[in-house]
Amino acid sequence: MIALLRRDLALAFRSGGGFGLSLAFFLIVVTLVPFGVGPETGTLAVIAPGILWVGALLACLLSLDRIFQLDYEDGSLDLLATAPLPLEGIVAVKGVAHWLVTGLPLTLAAPVLGLLLSLPGPAYGWLMVSLLAGTPALSFLGTFGAALTVGLKRGGLLLSLLVLPLYIPTLIFGAETVRRAAEGLSPATPALLLTGVSAAVLALIPYAAAAAVRINLK
Amino acid sequence: MEMRATDLACRRGDVTVIEGVSFTLPAGRCLILRGPNGSGKTTLLRTLAGLVPPAAGQLDVAPDSVVYAGHADGLKAQLTVAENLAFWAAVYGTGSTARAIAAFALDGLRDRPAQYLSAGQKRRLGLARLLVTDRAIWALDEPTVSLDAATVASFAQVVADHCAAGGSAVIATHIDLGIADAEVLDIGAFRAAPGREGSPFLDDSFDEARA
Amino acid sequence: MSIWEYANPVRFIQTTDRILPWVTGATVVALIVGLFWGFFLTPDDYRQGSTVKIIYLHVPSALMAINAWLMMLVTSIIWIVRRHHVSALAAKAAAPVGVTMTLIALLTGAIWGQPMWGTWWAWDPRLTSFLILFIFYLGYMALWSAIENPDTAADLTSVLCIVGSVFAVLSRYAVNFWNQGLHQGATLSLDKEENIADVFYYPLLFCIAGFVLLFVALVLLRTRTEIRARRISALLAREARA
């Protein structure tokens, strides 16, 4: 399992795409928003929590189709499925690897992008907390979508269509956490709900994703 | 470590491709699968490897004893030869890649990324993976594709050594590997008869439903 | 004679041959009675005027939009547990009917909302939940049509339906948390009869019965079509091997 995680991280580093791409995408989304809604800091501050969360979510979505597709095409997925590792574990490791190359950098970069959108001061900590708690759920739900579409030639768009509705609870609780913090209210309730959703997703989605991979390899 | 198939049937979609396949593969033996394209060799091998559940019949084999090698080698282009092998060695918990590298003459290519290998070299690396898994039964689908004559001979030697050490192999191939006392199973003989596909959508009583 | 024998495609077609005309007839009767009674024989509401009459399309379609998904969930689970092909095909057949019901509910809701709330759309929890349900239907249908192998498609869409159901419920609560909403409470409920006056209530029951029957008739019809389409592709696959 550790070997698989190390291999996936090494591949993400060497092929270049993984890390930089989603971060750059996040930056672009956040940069485009002020051009669309106008430069007044008051307006930006109000929508900043939502924009940051939606931006992070879209950036996360961008690389989902790579989770299994490359392994499927070069035959590694067949070999992994017959290896002495539980497929649920393989799927979970893939989710963790995806989070390490997308969710974690997005979380670390978010405060800087928050500055660009004049996010109010008290919200920065909660922005990072909510992304830290929520982005693993995004990656794991992504493994489920990727597992469903792994056998398809052009699965990318379908993958987005399947995964986006699954992202709604995470997005609602995540953005609500930041919004309440930005307005000076207590963000504890949505933060706890977000953590709960995330924990449940992390615990259960690998089973569904592994089932989907098994079906696709038949 | 014996593998026994009893009256095995394999299905692709709604159509049963092969049925009634029975064989016993004792330790130390090699079974060659023959048959025209599309006769179901790949499907049978994937069934033996446990990727596809059999449509009917029974497959008796110890769990975690089969290793599968298909048309794709499962190599990562950005990893070197040694890294590719080390990964599979770690997955199977065996650790040592020295024997595999020696057997397939990969020593000089050790640090070369897999993307710079020729087709034949890639295949050698893909087959070398079999040795780092330490599994007893090999299920190989066209293993000699893009290998030159000399490499085919040394591959046959690796298979023979594997069998001599108590392992066994099921190999789908069109060429003569020259492995002594290998049994040959012609898959063409097990082709499923039309009308016996076992799909409820090909039921003969269907047409009478309209009568 | 167990209920599972109807899961055989031949049995299913034979049985529905006999049932379908009756269901269709009952659908037509119930819908004509319900809609005519509702549209022409009920008084205008003292508050909402004649706009209230859209209730006869809005409530039944909203009800069936959810029930169709529930039916897909049940048939998906039956397919996964018992491997009955008809069950999987019934789920596939129900999806377009369900998505149409969802669309009707959304459209009639917008037409009703405009005079009542002064807006075609609001991010009210109920409206939002239906929009999410609509997207779930689209994804489900897109996955069915994207996969070539019918059994693989049945397996994967079933898994999606089960996971999607969990998230649909979760989204419902999340959306409630997110916005308290302006939609009126449930029109029908067993413990709160005073929600709607009897004059509106009885024709509404006919309309609901009509929509339930319409759903059953359409799903039976579409399942028969799916079974035959599946048989044709199976025959073609057999021929390709001969």
Side-chain angles (χ1 to χ4, degrees), chain A residues 1-21 63 66-94 96-98 100-101 147 150-153 210-218, chain B residues 10-13 42-43 45-55 61-80 83-95 113-115 122-123 125-127 129-130 132-135 137-142:
Chain A
M1 301 272 237
I2 301 294
L4 180 61
L5 184 62
R6 282 175 52 185
R7 184 197 72 155
D8 274 12
L9 291 179
L11 288 174
F13 273 114
R14 288 187 202 176
S15 57
F19 255 117
L21 214 59
S63 50
R66 293 163 59 104
I67 294 181
F68 293 116
Q69 198 62 35
L70 299 178
D71 280 345
Y72 179 76
E73 280 165 7
D74 67 19
S76 319
L77 202 53
D78 279 345
L79 306 180
L80 282 171
T82 50
L85 300 176
L87 199 50
E88 287 77 8
I90 292 172
V91 168
V93 167
K94 289 265 168 197
V96 171
H98 181 264
L100 286 175
V101 294
V150 71
L152 303 173
K153 291 273 183 302
V213 170
R214 256 187 218 107
I215 293 162
N216 264 318
L217 291 182
K218 263 193 215 169
Chain B
C10 305
R11 181 177 294 171
R12 242 188 343 235
T42 299
T43 312
L45 279 169
R46 289 179 73 85
T47 308
L48 299 182
L51 282 164
V52 186
V61 61
D64 280 348
S65 61
V66 183
V67 58
Y68 170 74
H71 296 280
D73 289 313
L75 304 177
K76 287 298 170 189
Q78 295 91 347
L79 300 185
T80 65
E83 284 170 331
N84 267 300
L85 279 179
F87 166 66
W88 290 111
V91 165
Y92 283 88
T94 52
Q115 58 189 327
K122 280 184 186 157
R123 184 92 292 208
L125 175 53
L127 294 172
R129 183 183 60 88
L130 297 169
V132 306
T133 62
D134 257 355
R135 286 205 170 171
I137 305 172
W138 293 357
L140 312 181
D141 197 0
E142 306 279 2

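These values consider heavy atoms only, across backbone and side chains, with no hydrogens, waters or symmetry-generated copies. In what follows, every chain begins at residue 1, and chains take the letters A, B, ... in the order their sequences are listed.
- Taking NZ from B/Lys76 and CG from B/Asn84, the interatomic distance works out to 9.0 Å, rounded to the nearest 0.5 Å.
- Listed here is the closest heavy atom pair of B/Arg11 and B/Thr43: O-CG2, 4.2 Å.
- Looking at every heavy atom in both residues, B/Val132 comes nearest to B/Ala89 through CG2-N, 3.9 Å.
- Under a cut-off of 6.0 angstrom, the local environment of CZ in A/Arg6 is sparse, with at most 12 non-hydrogen atoms contributed by other residues, nucleotides or ligands.
- With chain A as partner, the option from B/Val52, B/Val91, B/Leu51 having the largest number of non-hydrogen pairs under 4.5 angstrom is B/Leu51.
- The part of B/Asp73 that comes within reach of chain A is its backbone (N, CA, C, O), which places non-hydrogen atoms under 4.5 angstrom from that chain.
- The candidate with the highest count of non-hydrogen atom pairs below 4.5 Å against chain B, out of A/Leu70, A/Leu4, A/Leu77, is A/Leu4.
- The candidate with the highest count of non-hydrogen atom pairs below 4.5 Å against chain A, out of B/Thr47, B/Val67, B/Leu79, is B/Leu79.
- Between A/Leu79 and B/Gly74, the shortest heavy-atom contact is CD1-CA, 4.0 Å.
- For B/Leu75, the part sitting under 4.5 Å from any heavy atom of chain A is the backbone (N, CA, C, O) and nothing else.
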